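Everything below concerns the one structure shown next.
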Amino acid sequence: MDARDPDLKKELDAALQTRKELGAEYESELVDSFMEKVEQRFNDTADRHVRRQLAEQQMATARGSRPYATGASADQAHGLGLGERFAFVGVSLVLAIPLSAIGVVNEGLPGLLFTWAGIFGVNAVHAVGAFSWLRRGRRPEESGD
């Protein structure tokens with residue numbers, strides 16, 4: 001556990017101590033409770049990053065400049081800042097938890113593999129910027145990509 005988040009470390013220690021006291025029959029509930037806290041902490045961090053990125057873009061727009069319009073990297077040229085990439089990956093991983101459970105409950109291992117193939121595919125398409133024309137509001141034949 002990283003020393004930068006002492007509250008989360010305390011929560012984990014408390015969950016482990018509770019597991020010792022209550023026994024293995026409450027283990028899944030304790031793990032679920034701890035994972036909800038981790039997920040909430042992750043969501044809060046992602047929200048802060050996204051809000052900061054949006055504020056930077058609004059400031060750049062207010063100054064009359066266009067952020068990422070002539071960026072050095074391909075991601076920046078398509079308007080993908082670190083906050084947007086982080087948020088997209090974060091949301092997809094958070095959604096992966098219930099989607100994985102649904103896939104396993106309904107179809108077992110093939111359902112889990114299919115679910116993760118879809119998650120991987122969505123993230124791969126986002127990473128290569130295949131839908132950059134959607135972000136710019138143009139049809140692909142108009143974008144010149």
Side-chain angles (χ1 to χ4, degrees), residues 1-61 66-69 71-145:
M1 188 64 30
D2 194 356
R4 292 181 293 174
D5 199 347
D7 292 336
L8 203 53
K9 184 173 179 3
K10 288 178 188 177
E11 292 288 340
L12 178 60
D13 291 339
L16 292 173
Q17 186 63 32
T18 304
R19 195 256 184 223
K20 287 178 187 175
E21 293 173 7
L22 296 177
E25 56 271 2
Y26 292 102
E27 186 171 323
S28 66
E29 289 86 1
L30 291 170
V31 170
D32 289 343
S33 173
F34 179 72
M35 289 307 297
E36 286 176 12
K37 291 173 185 170
V38 170
E39 183 178 340
Q40 183 61 43
R41 185 71 47 97
F42 180 79
N43 288 339
D44 292 345
T45 303
D47 288 343
R48 277 196 309 273
H49 286 288
V50 169
R51 283 193 305 268
R52 183 177 2 183
Q53 184 69 26
L54 289 174
E56 289 173 3
Q57 289 176 353
Q58 289 173 348
M59 289 295 293
T61 301
R66 292 180 47 195
Y68 311 122
S73 73
D75 286 343
Q76 288 179 338
H78 291 295
L80 290 175
L82 179 61
E84 182 181 340
R85 290 189 309 242
F86 182 76
F88 189 85
V89 170
V91 168
S92 69
L93 288 176
V94 168
L95 291 176
I97 295 167
L99 291 174
S100 296
I102 291 168
V104 167
V105 167
N106 290 323
E107 295 296 326
L109 183 59
L112 179 65
L113 295 176
F114 185 77
T115 300
W116 276 96
I119 292 166
F120 175 80
V122 167
N123 280 287
V125 167
H126 184 264
V128 298
F131 294 127
S132 62
W133 55 273
L134 284 175
R135 285 191 299 277
R136 290 191 296 261
R138 293 185 233 154
R139 290 192 293 264
E141 63 271 4
E142 294 175 357
S143 68
D145 288 341

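Heavy-atom basis, side chains included; hydrogens, waters and symmetry copies ignored. Fair warning: this is a prediction, and the values are worked out from it, not measured in the lab.
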As an exercise, state the distance from [atom1] of [X] to [atom2] of [Y], rounded to the nearest 0.5 Å.
X    : Y    : atom1 : atom2 : value
L22  : L30  : CG    : CG    : 6.5 Å
E11  : R41  : CD    : CZ    : 7.5 Å
E27  : T18  : CD    : OG1   : 12.0 Å
L8   : F34  : CG    : CZ    : 4.5 Å
S100 : L112 : OG    : CG    : 5.5 Å
Y26  : D32  : OH    : CG    : 14.5 Å

Ignoring hydrogens and geometry beyond distance, is a side-chain donor-acceptor pair present between D13 and Q17 at under 3.5 Å?
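Side-chain D/A pair, D13 to Q17: absent.
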Answer whether the closest heavy-atom distance between the side chains of [X] and [Y] falls below 4.5 Å.
X    : Y    : result
V122 : F88  : yes
T115 : I102 : no
E56  : R52  : yes

How about CZ on F42, more than 12 heavy atoms from neighbouring residues, nucleotides or ligands closer than 6.0 Å, or not?
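Buried by this count: over 12 neighbours within 6.0 Å.
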Is atom CD of E107 surrounded by more than 12 heavy atoms (other residues, nucleotides or ligands) closer than 6.0 Å?
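Open: at most 12 neighbouring heavy atoms sit under 6.0 Å from CD of E107.
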Counting N and O atoms only, with roles assigned by atom type, does the side chain of T61 sit under 3.5 Å from a partner on the main chain of Q57, one being a donor and the other an acceptor?
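Here the side-chain-to-backbone pair exists.
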